Protein chains: 2
Amino acid sequence: MREPVPLRNIVIEARELFREYGYEGTSMRDLAGRVGLRPQSLYTRIASKEALVSEVLALTLKETLEGLPDPVRNWRAAWRTLIERVAETLEIRGRCVGLHLAYGVTSATPDAQKAVRVFFKSLREAMTRILQVGKITSPAAIAADTLAQLEGATLWIATEGDNRPLKRAVRRALKLADPVPRRPKKSEPLP
Amino acid sequence: MREPVPLRNIVIEARELFREYGYEGTSMRDLAGRVGLRPQSLYTRIASKEALVSEVLALTLKETLEGLPDPVRNWRAAWRTLIERVAETLEIRGRCVGLHLAYGVTSATPDAQKAVRVFFKSLREAMTRILQVGKITSPAAIAADTLAQLEGATLWIATEGDNRPLKRAVRRALKLADPVPRRPKKSEPLP
DNA sequence: GTCTATATTGAGATAGAC
DNA sequence: GTCTATCTCAATATAGAC
């Protein structure tokens, strides 16, 4: 009698593979190998490869949003925590599983496509709500642009291993909730 | 006797497929079908699927940079033209073939990986040179950040069909070469 | 240069024993 | 819940005729 493999482990390893190799580049064989199962045994835990996408993104969304500071009590802390959580993963892993899936899933896998839409919409709405409490102008647009800038910066990590664009994107994002508007220094890129 | 299929056609169709489905999601069968050949016949024109990547990106880089206004004579015109060329493709096609490949190629296809690096490095360096002529501060960082913002904005086109983040990224980019610094309007997002 | 035919490998998924 | 065995299909790629 062996310990059954926790579903959570499968989802976490699937996330690693989706992030690195994308939806098409990920095989159930590789995933099975990572969790120590035969490929066929995966199908007793999940219905299909496509179904893994929503599991992966639901877990990621939960990890990103759970236990955030209450925006109504301290929206700056909520914003800072959220931005730093997103940025930390992008920097450590070098890329975003959501972006890879956003580009990688097609109308051939509609459930996966919908899961990706829900993931980014939820993230953007969470950001928007925080900015609304802070009375930031055009909160929805700022939220979308901020997320786009963080995601876009991973281009340079993926191609050149350069995380400085991401760090600058984080600084611009944090400045939105900076209570003391600083005098811009001459050497500072993209104010 | 049939007209041979021009290599250029094959590369252009491969670009469509790579952009939409990524490297792994693109099959030589689909490509052959698009150009009206049997899959096997492709191999008389190109060495492998991997070799298509550098062809695709070389063509794209050429189209993006050829015939730009001379930065030394008019760097603002050069910048505007370059940004608008990049943005136009992203908006029409909804996504960037370079970004899809940047995320999609792995160390299993080192030549493709190198081609992606060269592509983005060349694009960034062209942008940097223009900004240098314009005496913009930190031109290399600004170039990298600008490209990252344009690429990142495609996230919202891909997931929600919303191109407004891209349009705002374009406006921010163009403002860098704006000769008349305007008084910021209250309703303007991400100044 | 394109075709038919084929080799080889790996993909996602199912059936049934333990 | 996991296994062995198997199905079916599609992937990249090569050989050789025309």
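Every heavy atom of this structure was used, including side-chain atoms; hydrogens, water molecules and symmetry mates were not. Residue numbering restarts at 1 for every chain, and letters A, B, ... go by the order of the sequence lines. Just so it is clear, the structure is predicted and the values come from calculations on it, not from any experiment.
- Between the side chains of S27(B) and Y21(B), no donor-acceptor pair is found at a separation under 3.5 Å.
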Quiz item: Going through the checks in order, is the salt bridge (charged side-chain N to carboxylate O under 4.0 Å, His left out) test met by R19(B) and E16(B)?
Solution: CA-CA 5 Å; R19(B) 173 161 33 224; E16(B) 293 283 301; 3.2 Å; yes

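- For the residue pair S48(A) / Y43(A), no side-chain donor-acceptor distance below 3.5 Å is found, with atom types taken as modelled.
- Within residues 103-116 of chain A, no residue places a heavy atom under 4.0 Å from DNA chain D.
- The pair E84(B)-R80(B) fails the salt-bridge criterion, with no side-chain N (NZ, NE, NH1 or NH2) lying under 4.0 Å from an Asp/Glu carboxylate O.
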Self-check item: Step-by-step ring-ring contact (aromatic ring centres under 6.0 Å, His included) determination, Y103(B) to Y103(A)
Solution: CA-CA 9 Å; Y103(B) 258 68; Y103(A) 258 67; 7.8 Å; no

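- The distance from atom CG of N9(B) to atom C1' of dG1(C) is 15 Å, rounded to the nearest whole Å.
- Heavy-atom contacts from other residues, nucleotides or ligands closer than 6.0 Å to CZ of R164(A) number 12 or fewer.
- Taken to the nearest 0.5 Å, the CZ atom of R172(A) stands 4.5 Å off from the CD atom of Q149(B).
- In this structure, the side chain of R85(A) engages the main chain of T64(A) through a donor-acceptor pair within 3.5 Å.
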Quiz item: When you check every protein heavy atom under 4.0 Å of nucleotides 2-13 of chain D, what one-letter string (B, S, -) results, 5' to 3'?
Solution: BBBBB----BBB

